[in-house]
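All values below come from the heavy atoms of this structure, side chains included, with hydrogens, waters and symmetry mates left out. All residue numbers refer to positions in the sequence shown, counting from 1.
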Amino acid sequence: MQAVRLNAVLKDDHRLQLEVPEEIAVGPVEVIVLSERGADSKPEQSLGALFEAIDQMPGSRHSRDEIDRAIADESGKL
């Protein structure tokens, strides 16, 4: 298997056109798209919504504050 890294811009129509070097064999290829921007939603909002949902779950044993304290305690041990 041969790998080549190419940079491109995804246009508004969500079509991507690539020009591949000639040394890549003609035939089936696999294309992996990595976006630097990620999803449109902000991670902080998604994480906040997750913590709210956890707090609302019946039988939830730990609050968001308790989880945050436990993470901070563990981070201090590194």
Side-chain angles (χ1 to χ4, degrees):
M1 182 172 282
Q2 185 178 8
V4 174
R5 182 181 298 259
L6 303 170
N7 292 316
V9 176
L10 186 62
K11 301 289 184 175
D12 290 339
D13 63 0
H14 287 265
R15 291 183 179 262
L16 186 63
Q17 184 174 352
L18 298 172
E19 192 167 325
V20 181
E22 290 185 17
E23 56 266 14
I24 300 295
V26 174
V29 297
E30 179 179 1
V31 177
I32 299 172
V33 177
L34 301 173
S35 174
E36 291 181 7
R37 289 184 23 192
D40 289 337
S41 66
K42 294 182 180 176
E44 311 85 49
Q45 291 175 340
S46 299
L47 189 57
L50 172 63
F51 280 128
E52 280 186 35
I54 290 171
D55 285 342
Q56 300 301 319
M57 288 180 169
S60 179
R61 297 181 182 172
H62 303 288
S63 70
R64 177 181 178 176
D65 291 334
E66 291 170 327
I67 293 169
D68 287 341
R69 277 194 299 277
I71 291 170
D73 290 345
E74 285 295 318
S75 296
K77 294 178 182 177
L78 296 177

Among all residues two or more places apart in sequence or in another chain, which pass the side-chain contact (heavy atoms from CB on, under 4.5 Å) test with [X]?
X	result
Asp12	none
Ala8	Leu16, Leu18
Val4	Leu6, Pro21, Ile24

For this session: For atom CD of Gln2, decide whether the heavy atoms of other residues, nucleotides or ligands shown that lie under 6.0 angstrom number more than 12.
Result: yes
Exercise. Has Glu23 got more than 12 heavy atoms of other residues, nucleotides or ligands less than 6.0 Å from its CD?
Worked result: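 Check passes, neighbour count above 12.
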For this session: Only counting residues at least two apart or in another chain, list the ones meeting salt bridge (Lys or Arg N to Asp or Glu O under 4.0 Å) with Arg69.
Result: none
Exercise. Residues sharing Ile32's hydrophobic cluster, by side-chain heavy-atom contacts under 4.5 Å among ILVMFWY, directly or via others?
Worked result: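 So far as hydrophobic clustering goes, Ile32 is joined with Leu34.
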